[in-house]
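A short worksheet on the structure shown next.
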Protein chains: 2
Amino acid sequence: MNSLAEENYLKALFTLAAKNNGEVSVNDLSRHLDIKMPTVNSMMKKLTTKKLVYYESYKPLKLTEKGKKEAALIIRKHRLTEMYLVEKMNFGWEQVHEIAEQIEHIKSPEFFAKMDELLGYPQIDPHGSPIPDKNGKMIWKEYKKLSECTKGSLVKIAAVINTSNDFLKFLNEKEIHLGLKMKIKSIEPFDKSVIVSYPKHASETLSPTVSERLLVEKV
Amino acid sequence: MNSLAEENYLKALFTLAAKNNGEVSVNDLSRHLDIKMPTVNSMMKKLTTKKLVYYESYKPLKLTEKGKKEAALIIRKHRLTEMYLVEKMNFGWEQVHEIAEQIEHIKSPEFFAKMDELLGYPQIDPHGSPIPDKNGKMIWKEYKKLSECTKGSLVKIAAVINTSNDFLKFLNEKEIHLGLKMKIKSIEPFDKSVIVSYPKHASETLSPTVSERLLVEKV
DNA sequence: CTAATATGTTAGATTTATCTAACAATTATA
DNA sequence: TATAATTGTTAGATAAATCTAACATATTAG
């Protein structure tokens, strides 16, 4: 079992690696965690003996497969918690990060399995970030909300957040489905409505309520 | 801010003190926490310098007012968590203790305030144990479920668990209210129904569903 | 009331996670 | 390319929470 400190190093390695094609420097980690380099250095030796990190002096740090899996499971707990707090406890997104930073270290598979169940086994969180499954596997895309895209871009619908029946019915009526490609014609400056076009629909206006719930990828 | 270890000592002191009129020995604590006496001894010195415990060599340990308050707040978090897990996440009572032991250490007043709100500000948990309020104040009785009482005993209704409208309506119809005194005439051996008598009701049969939700005190 | 037993204390060691100071290797730059 | 700047490592110190061994005080029993 990993300590709280070890878990934080694993998580940091995982997220930093995502930005730097799998390689992380001691200095990056040190700054990211606000922990001095010698401390990071010795923790890396420790994680190496635990086969979680692959480390050679003066070379970049890499997570082993085991390390990646354990990190993904912590991130899973973090994202499930955030989503649970927002969806089931009515917190605002800006409030949940700090709480999730603590709850992600709770040791209880049942607790997170229950959250997962109550949330309907989501694969993507409402920021468009993937939620690893209980084996640490995840979709390797980071999606963007339609509401965050810029005028002129061509995007593909990748996922939908908070699939209430009413929302799904709405999408059906508008003939919006996964994989659909659409072009952003313009964005209404006043209320941030997004005006899009796609096959059989030369111009549709999507309110922020809708564009916040559609996750897309650039094409 | 207290460390996780310190919080566990405070909680243990509080619960042990409840059984021994406020005084706890180093040995009791040591056995209860499964931590060796010298460790407990030095932690008590530390908590004394933090004004949480009053300690003199070879004398029993006592929590200060400050210590009692901080302990009560941890117990509040524990009991709210247990209740939340059962009522809102469909856990069984036997599953929640371990999870609550971890969640009680989460630092986030907002998180527990939200649980409290979603549970309707309960003052007593479904075991009949009081839940301290956010100032650490609590009702100083431990109630028993009616279902746990024995034949012949005279009891007073002290609290009601899980106050659904249907249940309150039922109690109204039967003229059962807080403060009502009733005698337990007998207990049906087969299904554990409780047969009671009280003013204007010479004999009422209460099913386990009901007797599990009525908390009483002996008179 | 003494001796045996139980309880409590002190001293010093260990582990984990952190730090600072000093030194070494690598990378960037003049 | 030589040197300066950055990055990484080693050595040793510190604080928290635990332990064991040895000793001291209290309590209980004969």
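Scope of the values below: all heavy atoms of this structure, side chains included, with no hydrogens, waters or symmetry mates. Note on naming: letters A, B, ... go to the chains in the order of the sequence lines (proteins, then strands), and numbering restarts at 1 for each one. The shown structure was predicted, so the numbers you read here are calculated from the model rather than taken from an experiment.
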Rounded interatomic separation in angstrom, taking CE from A:M1 and C1' from C:dT16 | 17 Å
Before accepting this row, confirm whether a basic side-chain N of the pair [X]/[Y] lies closer than 4.0 Å to the acidic partner's carboxylate O.
{"X": "A:R31", "Y": "A:D34", "value": "no"}
{"X": "A:R76", "Y": "A:E104", "value": "no"}
{"X": "B:K50", "Y": "B:E6", "value": "yes"}

Not counting sequence neighbours, which residues clear salt bridge (Lys or Arg N to Asp or Glu O under 4.0 Å) with A:D125? List them please.
-> none
Pairing residues for A:E110 by the salt bridge (Lys or Arg N to Asp or Glu O under 4.0 Å) criterion, not counting sequence neighbours = none
Would you say the side-chain atoms of [X] pair up with the backbone N or O of [Y], donor to acceptor, closer than 3.5 Å?
{"X": "A:T64", "Y": "A:Y54", "answer": "no"}
{"X": "A:N20", "Y": "A:G22", "answer": "no"}
{"X": "A:D133", "Y": "A:N135", "answer": "yes"}

Kindly write out the residues that satisfy ring pair (Phe, Tyr, Trp, His ring centres under 6.0 Å) with B:Y198, not counting sequence neighbours, or none if the list is empty.
-> B:H201
Answer yes or no for A:K45 and A:Y55: cation-pi contact, defined as NZ/CZ to six-membered ring centre under 6.0 Å and angle to ring axis within 45°.
-> no
Which residues within residues 27-39 of chain B lie with some heavy atom under 4.0 Å of an atom in DNA chain D?
-> B:I35, B:K36, B:P38, B:T39
Between B:V24 and A:S42, which has a closest nucleotide on DNA chain C that is more 5'?
-> B:V24
Students should find that the nucleotides of DNA chain D closing off the region near chain B, any atom under 4.0 angstrom from a heavy atom, are D:dA16 to D:dT25
For A:K45, answer base if it contacts any base atom (sugar-phosphate contacts may also be present), sugar-phosphate if it contacts only those atoms, and nothing otherwise; contact means non-hydrogen atoms under 4.0 Å.
-> sugar-phosphate
Give me, pair by pair, the N or O atoms of the protein and of nucleotides 23-27 of chain C that are less than 3.5 Å apart, along with how far apart they are.
| from | atom 1 | to | atom 2 | distance (Å) |
| --- | --- | --- | --- | --- |
| C:dA25 | O4' | A:Y58 | OH | 3.2 |

